[in-house]
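Below: the structure, in C-alpha cells.
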Amino acid sequence: MFLTTLAAAGYTLPSGPTTHYYRLGRPACVATEGGVIAGSSLANEVERRRNLAIISHPDAGKTTLTEKLLLYGGAINQAGAVKAKGEQRRATSDFMELEQQRGISISSSVLSYEYDGKVVSILDTPGHQDFSEDTYRTLSAADNAVMLVDAAKGLEPQTRKLFEVAHLRRLPLFTFVNKMDRPALSPFEIIDQIEEEFGLACSPVLWPIGSGDRFKGVLDRTNNQVTLFERAARGKVATELTTVMLEDPELAALIDDAELYEALIEEVEMLKELTPEIDMAAVGRGEMTPVFFGSAMTNFGVGLFLDAFMRLGSSPVARSVEEAGAEGRDFTSGEIAQEQETIDPATNHFSGFVFKLQANLDPKHRDRLAYVRICSGRFERGMKVKHARLKGKELTLSSVQTMMANSRSTVEEAYPGDVIGVANPAGTFAIGDTIYTGSKRISYSKIPSFSPEVFARCINTSPAKSKQFSKGISQLLDEGAVQQLRERGDQGGGAPIVAAVGPLQFEVVQARMLSEYGVEVRLETIPYSCARWAMAGWDEVDAADADNQLYSVMQLEDAYGRPVLLFNAEWKMNKVIADSGEQLQLRPFAVAPDVEERRRK
C-alpha cells in the first residue's frame, strides 16, 4: 500500500510531511453532582498525569524498553538485563521468581515516577499470548498504549493479537520500532505492514539514520533536529555525540557516511510528500499512530521518545459508567454509545476501579493488594469510599501504597491517572470492582473474563496441606491467574477444575503454589478446547440437554454458579451456537455479577 504509492510516485523508498501536533480531545461528559473543577489544582494534577501500557510479541524488547524508560526518567540508576546471567542486575519490572528464571514477563506490574514535571505510570504487560487476558485488564487502566515492533521481524503474531486488544480499549497507540542497532527491515516496509494489516495511518516522528552497525542516530521530524549517538555501556544512558539541525552543513561530516547522508536527505523529501500530518484526534480515534525508531538496548532514541510522549500522550480522559452492570455489553467492539454517561476526571467526587489483584508481593508478609486506577477526584489516605458491587458498602482506605513493581511506599494523596495499591486481606475486592464517594452509586464498565481454551483438574498431592492448597488456589483465582470451574452442585469436595487461555498459565500456577504456598499440585488435562457461558441459566441448559442438543458437551459451573459449557471441538461449539445460541444466551465472556444478583443464584 505505502510502498505501492512510493513506486507510483517514482521513488525507490517511502516517506511523509511537516508535523503538527494537536491535544487529544476529551469525551464529552454529563453533569454530575460532584461538578467539574475547571482550572483547579485537581485539573492541573490531571493534566500532569501520563500513563502507558507497552504491548509486544515476546522478545521484541518490551521489558528492556520499560527499564530504559525508567533509566531515562531517573527512576533507577542502572537498567536491569532481562536475560539475567550470574550477578547481572535483574529487571525491575520482572520481580516474580519465574519471570527471572525465564527472562519473560508473565505478570503485569506498575512502575510510577516523576519526570519533566509530570507523573508517569508505566503498566508493564505480559508479552506471551497465554496472558492476553491479564494484558486486557491492564490496558483497561491505561490512557495510552505503546506497540513495540522488532525492526528485524516486523509485525509478529502476538503483536497482531495485542493490537486487537488495545483497539478494543480505544487507546491512543504509539509505535516504537526497536532493535534498529541490528540488521533490520526497511523502515518504509515496517510502516507499510502497519498500514496494511491494522488500517492505521502512520506518521513517523523519529526517523532512523541507518541500521545495524551503521545505525548512527535519529531525525526528530517535529523540529528537524538530528541526534547522533555513541553506544553506551550496558545499562547506562547512551552518549549523545551531538545534536544539529538537518540543514547544518556539518551534518554530512558528522554522519561520516556519504551513502547514509544521501539516503537521509532523500527520505526526508519522500516523507514530506507521502506521509500524513500527525493528528492526535485521529490517534485518539484509533485511526493513526505516531511512529518512533530506535534501540532500547543501546539507548538510541529512548530519551527522545520519552520526551515526545510527555508532549503527545493523552492525560486521563472521561470514562463511561454503567448503572445496570455489563452482562449485556458487547466487549468485541469497545464502542461507547453517545448517550452513555461518563465521568470527567476533574469531577470533585473520588472514583476508581480495580483492574488487578496480586497476592504475596512480599512473601514474608503474605499480603494481598488490589490495584486501583483512580478515575476522578482526589484520593486522601484514610478516606471513606463506597463499594459499588457490594451495594454501596462503606470502606475506609487506610493502608494504601504506590508501586514500583514489588517495591512500595505509603501514599497520602493521589489523582486521576495514578495507580494505588489497596490492602485486600479479606478478599473484599474483585477485578472490575468500582469504589466511589458521593450519594449516587456508579459502576465503571466491568472487566470481563474471556472464554478459556485449556482445562485441567488441579490435584493436591499432599493431603496434609489441604489448608494451604485451598488458600493458594483461592488467592490465585482472585487474581485472575486462572479461572475455576466445578462439577454442577459440587460444594467444594471435588478437585477444582482450572481453566486458562493458554498452558503457560498452568505452569505459573504450579510454580507459585510451590514457591508461595509450599504445595505441589498435579494438573490432569481435560480434553476440551473451547467454552461458552450459558447466561440464560440452568433451566434453559436442562431444557436443551433434554432435547439432545448438548450431546458430548461437558456442563460445569463457574465461581458464581453460572453454567459453563465445554466443547471438544470448535465445529461442535458452532453447531450448538447455531441451534441453541439464543435460547442459552451463549457468551464468550462474563463479568462478576453484583452482590444482589449473586444472592439470587
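Just so you know, residue 1 is the first one in the sequence shown, and it goes up from there. The model shown is predicted, which means the values in this text are computed figures rather than measured ones.
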**OP:** List the steps, then state whether ring-ring contact (aromatic ring centres under 6.0 Å, His included) holds for Phe176 with Phe292.
**Re:** CA-CA 5 Å; Phe176 188 91; Phe292 302 78; 7.2 Å; no
Subject >> Residues Glu45, Arg49: salt bridge by 4.0 Å N-O rule >> reply: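 Yes, Glu45 and Arg49 are salt-bridged.
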**OP:** Give a yes or no on whether a salt bridge exists between Lys356 and Glu479, defined as a side-chain N under 4.0 angstrom from a carboxylate O.
**Re:** no
Original post:
Between the side chain of Asp116 and the main-chain N/O of Lys118, is any donor-acceptor distance below 3.5 Å?
Top reply: no
Original post:
Can any side-chain N or O of Thr66 pair as donor or acceptor with the backbone N or O of Lys62 at less than 3.5 Å?
Top reply: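 Between the backbone of Lys62 and the side chain of Thr66 there is a qualifying donor-acceptor contact (under 3.5 Å).
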Subject >> Side-chain donor-acceptor contact under 3.5 Å, Ser351 with Tyr444 >> reply: yes
**OP:** Would you kindly say whether Ser121 and Asn51 are connected by a side-chain donor-acceptor distance under 3.5 Å?
**Re:** no
Original post:
For the residue pair Phe300 and Phe215, does the interplanar ring angle fall in the parallel (under 30°), tilted (30 to 60°) or perpendicular (over 60°) class?
Top reply: tilted
Original post:
Which is it for Tyr415 and Phe379 under the ring-ring contact (aromatic ring centres under 6.0 Å, His included) test, yes or no, and what are the steps along the way?
Top reply: CA-CA 6 Å; Tyr415 297 89; Phe379 166 82; 9.7 Å; no
Original post:
Under the criterion side chain to side chain donor-acceptor pair (under 3.5 Å), which of Thr138, Asp418, Asp143 is the partner of Arg373?
Top reply: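 When Thr138, Asp418, Asp143 are each tested with Arg373, the side chain to side chain donor-acceptor pair (under 3.5 Å) holds only for Asp143.
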Original post:
Quick check: are there more than 12 heavy atoms from other residues, nucleotides or ligands sitting under 6.0 Å from CD of Glu412?
Top reply: yes
Subject >> Beyond-backbone contact of Phe229 with Val218, side-chain heavy atoms, under 4.5 angstrom >> reply: yes
